[in-house]
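Notes for the one structure printed next.
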Amino acid sequence: MVGDARGVESEFQGYSGTAFSPAGDKGRFSLPPAFRKEVRAASGDNRLLCIDKHDRWNCLIGFGTSRRAELKSNLKREKKLAEKRGHDFDYDERSSELFGFETIPFDDSGRFVMPSHLGELANITGGLFFRGADEFFTMWDPEELYKMGPSWRAAQASCKNMVEQAQAKLAGKGGAK
């Protein structure tokens, strides 16, 4: 549980919704307010964001530090299931896959610096499109999201709209498109 500005305690509710963050200078992005609130709640009221490459999609995932306990439980369950079925299970390799994420601080405005190696792995070249997925959220370069299949149409439409809004805002400030 986390206390808010009024002293009211809140619990992690899961990640939902969508948002877009244009790329800032030096690889900086901004964690959107709704996601920022949940990351803090899931990180013991600390401003710590965990980021890793998604194992199947060409995007990144984000979550709070409390997910470590869930990952540890998953690792133990996978080991027991493999043993029960008589399958080989490389505990060290699977542990490395699950716990190889980066833990990155963010400021009160949600700004964080994307580790360059993670940005490269997911082809992050511009802004980040955020999409909630309950216990984690995905972070997409828009061009990578647009390559996904028909089941992603709603996310693609939302992303396109948010990118256009960000570009119009930037153009209104005298920035380049």
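What you see below is based on every heavy atom in this structure, not just the backbone, and it leaves out hydrogens, waters and symmetry mates.
- The minimum heavy-atom distance linking F89 with A82 is given by the pair CB-CB, 3.6 Å.
- Geometrically, K79 engages Y91 in a cation-pi contact defined by less than 6.0 Å to the ring centre and at most 45° from the axis.
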Show, in sequence, the C-alpha distance, side-chain angles and deciding distance for R94 and E97, and conclude whether the salt bridge (Lys or Arg N to Asp or Glu O under 4.0 Å) test is met. CA-CA 5 Å; R94 186 64 177 137; E97 290 170 353; 2.9 Å; yes

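- Put simply, CG on L128 and CH2 on W140 are 12.0 Å apart, with the number rounded to the nearest 0.5 Å.
- Taking OG of S66 as the start and CG of L71 as the end, the distance is 9.5 Å to the nearest 0.5 Å.
- Classification of the F35-F130 ring pair by plane angle, with boundaries at 30° and 60°, yields tilted.
- Crowding of D88 atom CG: a count of heavy atoms from other residues, nucleotides or ligands under 6.0 Å not exceeding 12.
- You'll find the side chain of L145 stays beyond 4.5 Å of the side chain of R131, heavy atoms only.
- The backbone N or O of T65 lies less than 3.5 Å from a partner atom in the side chain of S43, making a donor-acceptor pair.
- Residue T103 comes nearest to C50 through the heavy atom pair OG1-SG, 3.8 Å, listed as atom of the first residue, atom of the second, then distance.
- At least one side-chain heavy atom of R36 sits less than 4.5 Å from a side-chain heavy atom of S30.
- Between P115 and I104 there is a side-chain heavy-atom pair separated by less than 4.5 Å.
- Members clustered with V113: none, using a 4.5 Å side-chain heavy-atom cutoff among hydrophobic residues.
- A pairwise comparison of heavy atoms in L60 and I124 identifies CD1-CG1, 4.3 Å as the closest pair.
- Interatomic distance, NZ of K76 versus OG of S95, reported as 11.0 Å (0.5 Å rounding).
- Of all non-hydrogen atoms in M148 and Q156, the two that sit nearest each other are O-NE2, 3.0 Å.
- For the ring pair (Phe, Tyr, Trp, His ring centres under 6.0 Å) with W152, the qualifying choice from W57, Y146, F129 is W57, the only one to do so.
- Ionic pairing of K80 and E83 is not present here: no N-O contact between side-chain nitrogen and carboxylate oxygen is shorter than 4.0 angstrom.
- For residues 100-120, every residue pair satisfying the salt bridge (charged side-chain N to carboxylate O under 4.0 Å, His left out) rule, not counting sequence neighbours, is listed here: R40-D108, R47-D108, D107-R111.
- Using the six-membered ring where Trp is involved, F136 and H54 have ring planes that are tilted, between 30° and 60° apart.
- Shortest non-hydrogen contact noted between K53 and L118 is N-CD2, 4.2 Å.
- Rounding to the nearest 0.5 angstrom, the gap separating the CZ atom in R153 from the NZ atom in K160 is 12.5 Å.
- A donor-acceptor pair shorter than 3.5 Å can be found between the side chains of Q165 and N161.
- How far CD of E143 is from SG of C159: 8.5 Å, rounded to the nearest 0.5 Å.
- The shortest distance between side-chain heavy atoms of R68 and F101 falls below 4.5 Å.
- Contact of the F20 side chain with the P142 side chain is registered, since non-hydrogen atoms from C-beta on lie closer than 4.5 Å.
- In this structure the side chain of V39 reaches within 4.5 angstrom of the side chain of L31, judged on heavy atoms.
- In this structure the side chain of T18 reaches within 4.5 angstrom of the side chain of M162, judged on heavy atoms.
- The distance from the CZ atom of F106 to the CG atom of L48 is 7.0 Å, given to the nearest 0.5 Å.
- The shortest heavy-atom contact between D141 and A122 is CB-O, 4.3 Å.
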